[in-house]
Asker: 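Got a structure here, written out as structure tokens. Questions coming.
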Amino acid sequence: MADIKTHLRELSVIAGILYTISEKNINELYQMHPKDFFKYLSSKISNDISNASNITYLPDFNNYKSIMCNGINLGKKIVDLGIVDDYTKIYWLGSDSQKNDPVDLKVGNTGFSLKEESYILENMGLYKYLNTMTNSKFERGLHIFENFAEAEYAKWFEYTWNSMLGWLKTNNNIWSLTKNDKTSEIKIVNSEVQFIINGTVISKLPNRNISVKEYIEHTDSKSREKVFSKWINSKFKKDKKYIDLKNICSQKAGSELCNYISRNYNPVGLARFLQIYENGYYYAKTTEKDIEIYYVPSISEFEKDIEIDKIEYSIPKSQLNIITTVKNKITGNSLEFRNECRFSHGQFNGTPEAKMYYGRNTDLSDIYEKKY
DNA sequence: GTCCGAGGGTAATTGCAGTT
DNA sequence: AACTGCAATTACCCTCGGAC
């Protein structure tokens, strides 16, 4: 992610490695001007890191010391564990978000996937999850609600749309929200609903009950994300019936999805699902509390004593989660993974994703080799 | 604990105008 | 009607953390 904090943490890992192997005083790093820190790392890293240059806009590192500290400590730990055999080439790959593996950092031939507080393992599309578990050939764009709960999705949308029209009628036919100097507005002008960004009408819709299909036709991803979704977020997301209809939609989609999986079950992609790729790499997590480092085996090293126990769906409140339980046949331990089927850029905007997380009680040492 | 939005990068697809 | 080259838009992916 192109967030300053993530950049700083990932670069700090590299700085921690470099300072540890050259036995320099790590405290110097915190005192450096961000521009000098960036310049130093640019000279030591073998590929272009200009995507991380936003850290140079910081006046100093005073408010970011704990982030740097987490990264530096991880770098030091990586050196201390002696898992790297060649420090001459270092690559930062954190900005390359669509490559085929999760490696953010490569030191010599050793890859690292770096994490912070997040429990996310992969941000996958639903098509990828289904192909993994059923050997189907779904393609990008598979929409959990449109494909598995069409009628319920339509009702959820129509209630939301009509509620927005009702809300506007009792609020002088206008809604407006300004954040970071950007203004989103909705106006009703006679028979027209206008979606407006910074004073420009970017979508015009009919002032009547419309289907989700008509809604998509009359809008684009920007007006959906910045206008309608923002209205929902600011005015409507706690509406009980809205949540109920979403829950019903999730129930239907979850049940249909699990039916499909059980009819076509063939978990050809289990290793891939567990983030096991052609080459082994290290999964390294650094937080305020501790450091965790696991070796994730390559596909050829991967032991076949891992099996899928069950696939279920779960809807704690209204969001559909697919729960994949995996069992280690040797230890008898179960691991739980959850794919959150949800919109990522605003409600009713784009294709929902199937973001994959591991459970807080899931011990990764049942699938990976714990190094620290 | 759950929901889900913040933000931003790249790949893939679609749209379109002007040819063949 | 099929093609082509480019522009525009969407889809996907990466990740973290705030609100409740």
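Everything quoted here is computed from the prediction, not taken from an experiment. First the proteins, then the strands, lettered A, B, ... as listed; each starts at 1.
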Asker: Do Tyr372(A) and Tyr282(A) have their ring centres less than 6.0 Å from each other?
Answerer: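 When the ring centroids of Tyr372(A) and Tyr282(A) are compared, they turn out to be at least 6.0 Å apart.
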Asker: Given dT10(C), dC4(B), dC13(C), identify the nucleotide with an atom nearest to the side chain of Arg224(A).
Answerer: dT10(C)
Asker: What about His345(A), does its side chain sit under 3.5 Å from the base of dG8(B) through a donor-acceptor pair?
Answerer: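 Between dG8(B) and His345(A), which were checked side chain against base, a qualifying N/O pair under 3.5 Å is present.
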Asker: Tell me whether the rings of Phe157(A) and Phe228(A) are parallel (<30°), tilted (30 to 60°) or perpendicular (>60°).
Answerer: perpendicular
Asker: Under 4.0 angstrom, heavy atoms only, what part of the nucleic acid is Glu122(A) near: base, sugar-phosphate, or nothing?
Answerer: sugar-phosphate
Asker: Expressed in angstrom and rounded to an integer, what is the separation of Glu116(A) atom CD from dC16(C) atom P?
Answerer: 5 Å
Asker: Could you check how far CG of Leu105(A) sits from P of dC14(C), rounded to whole Å?
Answerer: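 Distance check: Leu105(A) CG to dC14(C) P gives 17 Å.
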Asker: Taking NZ from Lys317(A) and P from dA19(C), how many angstroms apart are they, rounded to a whole number?
Answerer: 17 Å
Asker: What about Lys355(A), does its side chain sit under 3.5 Å from the base of dT15(C) through a donor-acceptor pair?
Answerer: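 Result: at least one qualifying N/O pair found.
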Asker: I'd like to know if the side chain of Tyr30(A) pairs up with that of Glu28(A) as donor and acceptor (distance under 3.5 Å, no hydrogens or angles considered).
Answerer: no
Asker: Taking for each residue the nucleotide of DNA chain B bearing the nearest heavy atom, is the 5' side occupied by Phe343(A) or by Glu139(A)?
Answerer: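 It is Phe343(A) whose nearest nucleotide is closer to the 5' end.
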Asker: Can you find a side chain N or O atom of Lys115(A) that sits less than 4.0 Å from OP1 or OP2 on dT15(C)?
Answerer: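 For dT15(C), OP1 or OP2 has a side-chain N or O of Lys115(A) closer than 4.0 Å.
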Asker: Side-chain N or O of Tyr119(A) less than 4.0 angstrom from OP1 or OP2 on dT2(B)?
Answerer: no
Asker: Among the candidates dT10(C), dC3(B), dT15(C), find the nucleotide nearest to the side-chain atoms of Asp104(A).
Answerer: dT15(C)
Asker: Output the single nucleotide from dC13(C), dT13(B), dC3(B) whose closest atom is nearest the side chain of Arg140(A).
Answerer: dT13(B)
Asker: Give the rounded distance in Å between these two atoms: CG of Asn47(A) and P of dG9(B).
Answerer: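 Going from Asn47(A) (CG) to dG9(B) (P), I get 16 Å.
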Asker: Nearest whole Å is fine: how far is dG17(C) C1' from Tyr357(A) OH?
Answerer: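 So the two atoms are 10 Å apart, to the nearest Å.
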Asker: Here's one to test your reading of the geometry: is the NZ or CZ of Lys285(A) within 45 degrees of the ring axis of Tyr119(A) and under 6.0 Å from its centre?
Answerer: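 Yes.
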Asker: Both Arg342(A) and Lys222(A) contact DNA chain C. Taking the nearest nucleotide for each, which residue is further toward the 5' end?
Answerer: Lys222(A)
Asker: At under 4.0 Å, does any side-chain N or O of Lys238(A) touch on OP1 or OP2 of dC4(B)?
Answerer: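 So the side chain of Lys238(A) is outside the cut-off, no N or O lying under 4.0 Å from OP1 or OP2 of dC4(B).
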Asker: Looking only at side-chain N and O atoms, does Ser221(A) come under 4.0 Å of OP1 or OP2 in dT10(C)?
Answerer: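 Checking Ser221(A) against dT10(C): at least one side-chain N or O falls below 4.0 Å of OP1 or OP2.
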Asker: Side-chain N or O of Gln347(A) less than 4.0 angstrom from OP1 or OP2 on dG5(B)?
Answerer: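 Answer is yes, contact under 4.0 Å.
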Asker: Does NZ or CZ of Arg140(A) fall inside the cone over Tyr127(A)'s six-membered ring, less than 6.0 Å from its centre and within 45° of the axis?
Answerer: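 No cation-pi geometry.
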Asker: Students often mix this up, so state it plainly: with edges at 30° and 60°, are the rings of Trp156(A) and Phe343(A) parallel, tilted or perpendicular?
Answerer: tilted
Asker: Which is more 5' along DNA chain C, the nucleotide nearest Lys237(A) or the one nearest Ser113(A)? Just name the residue.
Answerer: Ser113(A)
Asker: Provide, to the nearest angstrom, the distance between the CD1 atom belonging to Ile232(A) and the C1' atom belonging to dC3(B).
Answerer: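 Atom-to-atom, Ile232(A) to dC3(B), this comes out as 14 Å.
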Asker: In whole Å, what is the span from the CG atom of Asn339(A) to the C1' atom of dC13(C)?
Answerer: 14 Å
Asker: Give one of base, sugar-phosphate or nothing for Ser344(A), where a contact means two heavy atoms less than 4.0 Å apart.
Answerer: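 Contact class for Ser344(A): base.
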Asker: Considering every strand and a 4.0 Å limit on heavy-atom distances, what is the contact class for Arg9(A): base, sugar-phosphate, or nothing?
Answerer: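 It contacts sugar-phosphate atoms only.
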Asker: Quickly work out the Glu340(A) CD to dG17(C) P distance and round it to whole Å.
Answerer: 16 Å
